[in-house]
Amino acid sequence: MASKNQVDLVFDNTIRCLAGYDYGVTVFDKQIKEHIDLDKSYFLHFPKNIISLSTSFVQGLFAKIIESIGKNATIERTNILSENDTLKDKVLSNLV
Amino acid sequence: MFIGVIETMRIIFNFICNNLAPIVTFVCMMITIYFARKNNVTNIKSAYFNDIYDRFLFDSIPKYWNLIEFDKELHLIGFEKFTDNLSDFRETALFFKFLDRTFYNDLIKRIDDIDDYINEQANYKCHKDKQSIVLEKINLKLEALYLYIDHYRMK
């Protein structure tokens with residue numbers, strides 16, 4: 001686990017947009033689940049090639065987090081790191 | 001025995017006559033309440049539909065749909081406002097989750113399907129010959145969404 005409680009998400013360089021509920025769940029299971037402590041503030045870093053997320057992807061990505069700590073704690077503890085500001089907005093607006 | 005039957009019938013007849021007015025009043029009251037509630041739900045539903053039509057279906061969705069195109073590198077671009085708008089639409093439709101769960105779930109499925117399709121297509125380079133097919137497919141999904149909403153509104 002990174003000392004900052006952060007995960008640097010990795011995707012194929014040719015991927016620009018992430019879509020699909022099931023894919024969101026897969027990314028959580030494979031890249032996030034074992035690497036962050038949900039009891040404190042955590043950071044998800046999206047690489048710069050990612051420019052867009054579909055709503056269902058966001059919902060799949062956070063489904064198990066919300067199930068585990070609740071919606072309010074998820075909103076409070078989630079920090080999105082991305083060179084693309086719209087990703088942060090997209091995540092937060094779809095968590096509410 | 002025959003007199004006993006007549007007497008029983010007379011008692012029943014008197015009972016009905018004496019209580020008929022309150023029973024009729026009660027039934028009328030229940031019918032009035034039922035239709036008032038139904039009318040009220042219809043009015044609320046109608047107000048919501050007007051809002052959805054004005055804000056999204058008539059205005060922002062067609063406006064932002066027009067911005068979607070392919071760039072010189074053959075990538076789908078200009079879709080961010082459109083998909084953000086779909087997210088807003090999704091949020092506005094939350095009202096229906098409490099009014100008609102089946103309609104809400106189906107509506108969300110259709111909105112997500114369009115959003116996912118656009119985001120998936122934006123990952124690929126699309127040859128010029130195929131670009132119109134992608135745009136047409138988005139258009140067809142949108143048309144189906146409009147028809148679905150309109151059909152439900154008319155119900």
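In what follows, chains carry the letters A, B, and so on, assigned in the order in which the sequence lines appear, proteins first and then strands, with residues in each chain numbered from 1. What you are looking at is a predicted structure, and each value in this text was computed from that prediction instead of being measured.
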Donor and acceptor N/O pairs, chain A versus chain B, under 3.5 angstrom:
{"residue": "A:R16", "atom": "N", "partner": "B:N123", "partner atom": "OD1", "Å": "2.7"}
{"residue": "A:R16", "atom": "NH1", "partner": "B:A122", "partner atom": "O", "Å": "2.5"}
{"residue": "A:C17", "atom": "N", "partner": "B:N123", "partner atom": "OD1", "Å": "2.7"}
{"residue": "A:C17", "atom": "O", "partner": "B:N123", "partner atom": "ND2", "Å": "2.8"}
{"residue": "A:G20", "atom": "N", "partner": "B:D116", "partner atom": "OD1", "Å": "3.1"}
{"residue": "A:S52", "atom": "OG", "partner": "B:N119", "partner atom": "OD1", "Å": "2.6"}
{"residue": "A:S54", "atom": "OG", "partner": "B:D116", "partner atom": "OD1", "Å": "2.6"}
{"residue": "A:T55", "atom": "N", "partner": "B:D115", "partner atom": "OD2", "Å": "2.8"}
{"residue": "A:T55", "atom": "OG1", "partner": "B:S87", "partner atom": "OG", "Å": "2.9"}
{"residue": "A:T55", "atom": "OG1", "partner": "B:D115", "partner atom": "OD2", "Å": "3.3"}
{"residue": "A:S56", "atom": "OG", "partner": "B:D116", "partner atom": "OD1", "Å": "2.7"}
{"residue": "A:S56", "atom": "OG", "partner": "B:D116", "partner atom": "OD2", "Å": "2.8"}
{"residue": "A:Q59", "atom": "OE1", "partner": "B:R90", "partner atom": "NH2", "Å": "3.2"}
{"residue": "A:K90", "atom": "NZ", "partner": "B:S87", "partner atom": "OG", "Å": "3.2"}

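Proximity to chain B (any heavy atom under 4.5 Å) is restricted, for A:L53, to the backbone atoms N, CA, C and O. Only the side chain of B:I77 has a heavy atom closer than 4.5 Å to any heavy atom of chain A.
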Under 3.5 Å, sequence neighbours excluded: what are the donor-acceptor pairs made by side chains of residues 60-68 of chain A?
{"residue": "A:K64", "atom": "NZ", "partner": "A:D29", "partner atom": "OD1", "Å": "2.9"}
{"residue": "A:K64", "atom": "NZ", "partner": "A:D29", "partner atom": "OD2", "Å": "3.0"}

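No continuous path of hydrophobic side-chain contacts links A:Y42 to A:V25 [ILVMFWY only; heavy atoms under 4.5 Å]. Linking Ile, Leu, Val, Met, Phe, Trp and Tyr residues whenever their side-chain heavy atoms come within less than 4.5 Å places B:F58 and B:F56 in a single cluster. Note on B:L20 and B:M29: separate hydrophobic clusters, where clusters join Ile, Leu, Val, Met, Phe, Trp and Tyr whose side-chain heavy atoms are under 4.5 Å apart, directly or indirectly. Using a 4.5 Å cut-off between side-chain heavy atoms of Ile, Leu, Val, Met, Phe, Trp and Tyr, with links allowed through other members, B:V24 and B:M30 fall into different hydrophobic clusters.
Its side chain within the 4.5 Å cluster rule, A:L81 clusters with A:F43 among the Ile, Leu, Val, Met, Phe, Trp and Tyr residues.
With sequence neighbours excluded, no residue forms a ring-ring contact (aromatic ring centres under 6.0 Å, His included) with B:F79.
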